[in-house]
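One structure is given below, encoded as structure tokens.
Starting from 1, each residue takes its place in the sequence as its number. Just so we're clear, the structure is a prediction, and the values are computed from it rather than from any experiment.
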Amino acid sequence: MNTLLLDQVLWDLCKDANGNIAMATEPYAIAQDVASAVRVFLGEVWYDTTQGIPYSKNVLGQRPQLGYLKAQIERVALTVPGVVKAQCLFASFSGRVVRGQIKIIDTTGASNNVQF
């Protein structure tokens, strides 16, 4: 499945060589969709308010349990079409910043790492 290609720094649309909106193809498209999905706040997607992580309720303004955050990230990653396995690994949790990666395996058996 293809998806719109997002600039990795600005997380915004970018153009291809012909000036058209660029498209991402698999396996990168799946990894990018996972990265987008874990950025969604629960209730933010107006056509499906069940998507996302409850950042406002259970994460922001408090120090969440890493097990809870890990489970939420993996749950959301598995909702992306094509993802059959997701494993969240934390690299650091300093102040209010969490860094790590999500190891995903898609339906073809290919693996990819998504940094956050």
Checklist entry - Do Leu13 and Met23 belong to the same hydrophobic cluster, where Ile, Leu, Val, Met, Phe, Trp and Tyr are linked whenever their side-chain heavy atoms lie under 4.5 Å apart, directly or via other members? => result yes

Checklist entry - In this structure, are over 12 heavy atoms from other groups packed under 6.0 Å from Gln62 atom CD? => result yes

Checklist entry - Is a side-chain donor or acceptor of Thr79 paired with a backbone partner of Val76 at a separation under 3.5 angstrom? => result yes

Checklist entry - Listed by chain and number, what are the salt bridge (Lys or Arg N to Asp or Glu O under 4.0 Å) partners of Glu26, not counting sequence neighbours? => result none

Checklist entry - Side chains of Pro81 and Met1: does their closest heavy-atom pair fall under 4.5 Å? => result yes

Checklist entry - Is there a side-chain contact between Val98 and Leu69 (heavy atoms, below 4.5 Å)? => result yes

Checklist entry - Under 4.5 Å between any side-chain heavy atoms of Tyr28 and Leu5, yes or no? => result yes

Next on the checklist: Going by side-chain hydrogen bond (donor to acceptor under 3.5 Å, both in side chains), name the residues that satisfy it together with Asn58, two or more places apart in sequence or in a different chain.
Outcome noted: Tyr68

Next on the checklist: Between Gln51 and Ala37 (side chain of the first, backbone of the second, donor and acceptor by atom type, cut-off under 3.5 Å), is there such a pair?
Outcome noted: no

Next on the checklist: Assess, by modelled atom type and distance only, whether the side chains of Asn2 and Thr25 contain a donor and an acceptor separated by less than 3.5 Å.
Outcome noted: no

Checklist entry - Within a strict 4.5 Å, meaning less than it, do heavy atoms of the Ile30 and Ile104 side chains meet? => result yes

Checklist entry - Can you find a pair of side-chain heavy atoms, one from Asn112 and one from Asp106, that are under 4.5 Å apart? => result no

Checklist entry - Is the shortest heavy-atom distance from the side chain of Ile105 to the side chain of Val83 under 4.5 Å? => result no

Item to check | More than 12 heavy atoms of other groups within 6.0 Å of Arg39 CZ | outcome: yes

Checklist entry - Who are the side-chain hydrogen bond (donor to acceptor under 3.5 Å, both in side chains) partners of Arg75, not counting sequence neighbours? => result Gln72

Checklist outcome for this item: The side-chain hydrogen bond (donor to acceptor under 3.5 Å, both in side chains) partners of Thr50 (sequence neighbours excluded) come to Asp48

Item to check | Minimal non-hydrogen separation, Val38 against Ile53, with atom names | outcome: O-CD1, 3.8 Å

Item to check | Nearest heavy atoms of Leu6 and Ser36, plus distance in Å | outcome: CD1-OG, 3.9 Å

Checklist entry - Listed by chain and number, what are the ring-ring contact (aromatic ring centres under 6.0 Å, His included) partners of Phe41, not counting sequence neighbours? => result Tyr55

Checklist entry - Looking at Ala77 and Val34, what are the two nearest heavy atoms and their distance? => result CB-CG1, 3.9 Å

Using a 3.5 Å cut-off and no angle test, enumerate the donor-acceptor pairs between side-chain atoms of residues 85-95 and protein atoms at least two apart in sequence or in another chain.
none

